[in-house]
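Each chain gets a letter, A, B and so on, in the order the sequences are listed, and its residues count up from 1. Everything numeric in this text was worked out from a predicted model, so none of it was measured.
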Protein chains: 2
Amino acid sequence: MTGKLQLIADDYLPLRDVVFKTLRGAILRGELEPGERLMEIRLANELGVSRTPIREAIRMLELEGLVLMVPRRGAQVAKITEKDLKEVLEVRIGLDELAIGFACERVTLEQLEAIREAGEHFESLADSEDLTAVAEADVRFHDRIYDAAGNQRLNQILNNLREQMYRYRMEYLKDTKRRRKLADEHRAIYEAIRHRDTETAKREIRSHVRQQEETIILRMREEG
Amino acid sequence: MTGKLQLIADDYLPLRDVVFKTLRGAILRGELEPGERLMEIRLANELGVSRTPIREAIRMLELEGLVLMVPRRGAQVAKITEKDLKEVLEVRIGLDELAIGFACERVTLEQLEAIREAGEHFESLADSEDLTAVAEADVRFHDRIYDAAGNQRLNQILNNLREQMYRYRMEYLKDTKRRRKLADEHRAIYEAIRHRDTETAKREIRSHVRQQEETIILRMREEG
DNA sequence: TACAATAAAATTGTATACAATCTAAGAACT
DNA sequence: AGTTCTTAGATTGTATACAATTTTATTGTA
């Protein structure tokens, strides 16, 4: 028993949701590796709950696409192929453009300010050692744009798509030069939204997302 | 006990998946009404299984957005508000344009033929009494386009979005005049793809989807 | 009758038990 | 030694049991 996993305690949430969040986080952080089997009894022991909430959490992970069910062999952490990543990238770029288009039409002054602030926060972490904080700041910037788009459903789908990339993204953010470049792009995106310049905003977001994710795909290919 | 539900038997599938499909179908066909509570013991009795597969199926429906969980009150069929439908419509149009753009770039001769065939099949049902067949033929036409787009992930997301509209769509298809109009639009869409005319294809699919779904939204508003 | 307090029933959340199936190790045989 | 058969163990799939909470019904009182 490695004790790798630790329940994220939360009194008022059903155990299935707590387990779901815990496993989801472990998969996205790479603590549970692609291909690794998720065995119910083992997980139940490790997390100190029964199999029931484990199984229900696995059903949810299955629909999120984070685990793959093999009949009579149970769940294993989904392996993401290069083809999968390319598909995700295509859809994500399309939806990011859609979102930023809506954002240009609908953004309020408060939301605009929130976007600016998130961008500056990311910039302030350009030289930080705390990679997790950097990653979260980046997520936050994009979330502020999704908020401005004013479409819950779109927001939810985009978040799910981003999830698929999370595990491979940390490496990218280690390079401080890259981070400064990202910060500049964030600023350009912000300015485009501020001027309600839909075309520019779409162009900027497209190259911003594409560049990052293509680098990630390349790196993945190197590693095999 | 009304005996409203009937398990879709399938030997080699786990019961949870069978129950999932059964409940999903019942919700989409409107046999389970929005707001209706899904009580586990009752469903278990009615379907002749235990609570375990029922619960797991409900977890899946939850992530599909077809049921809403209320803590300690269990699941109820999700009510779709006009706002929800508008959000779905926005995203669906965006993704349908994306898909048809890819289809124009990538469609093979076989796929093009499959699109044409699906369009003709729909047209042949223009005066049919069998509404279910008409609805399925329409789904099939769009599926052939999604196939041609060659992106599994996109396909999956689009199917999920369409699901949200299913319950409200039957009414629309009852009108044979409308059906003929749809058939004409299908033909125009097919022609645009055949000529790899991305711009026209996007314009056609946009108005095709928007018109249908806006009518559905209007009708829904009338009914309350 | 209306309202409050309490008790009973119903329902969900969680744990455990049992059944079916798969995996793997070891024995028997060639 | 290698191969097949058998058997024990492990694992998933399903059913049931128990606990906690909520809902509903009932009783008592003003």
Original post:
Which residues pass the side-chain hydrogen bond (donor to acceptor under 3.5 Å, both in side chains) test with Arg51(B), sequence neighbours left out?
Top reply: Glu40(B)
Subject >> Value in whole Å for how far the P atom of dT11(C) lies from CD1 of Ile54(B) >> reply: 14 Å
Subject >> For Arg16(B), all residues meeting side-chain hydrogen bond (donor to acceptor under 3.5 Å, both in side chains), sequence neighbours excluded >> reply: none
Original post:
With no hydrogens and no angle check, do the side chains of Asn159(A) and Asn155(A) hold a donor and an acceptor under 3.5 Å apart?
Top reply: yes
**OP:** Check the distance between dA10(D)'s P and Asn45(A)'s CG and give it to me in whole angstrom.
**Re:** 13 Å
Original post:
Any salt bridge between Arg116(A) and Glu120(A), counting N to O under 4.0 Å?
Top reply: yes
Please tabulate the protein-to-nucleotide N/O contacts below 3.5 Å involving nucleotides 13-15 of chain D, giving atom names and distances.
residue, atom, partner, partner atom, Å
dG13(D), OP2, Arg55(A), NH1, 3.4
dG13(D), O4', Arg72(A), NH2, 3.1
dG13(D), N7, Arg51(A), NH2, 2.9
dG13(D), O6, Arg51(A), NH1, 3.0
dT14(D), OP1, Leu15(B), N, 2.9
dT14(D), OP2, Leu15(B), N, 3.4
dA15(D), OP2, Ser50(B), N, 2.8
dA15(D), OP2, Ser50(B), OG, 3.0
dA15(D), N7, Thr52(B), OG1, 2.6

Subject >> Note: Arg59(A)-Glu62(A) ion pair, threshold 4.0 Å (strictly below) >> reply: yes
**OP:** For Arg169(A), check side-chain hydrogen bond (donor to acceptor under 3.5 Å, both in side chains) against everything at least two apart and list the hits.
**Re:** none
Original post:
Does Asp143(B) pair with Arg162(B) as a salt bridge, N-O distance under 4.0 Å?
Top reply: yes
Original post:
Which salt bridge (Lys or Arg N to Asp or Glu O under 4.0 Å) pairs, counting each pair once, include a residue from residues 69-78 of chain A, with sequence neighbours left out?
Top reply: none
Original post:
Taking DNA chain C as the partner, which of residues 31-39 of chain A come within under 4.0 angstrom of it by heavy atom?
Top reply: none
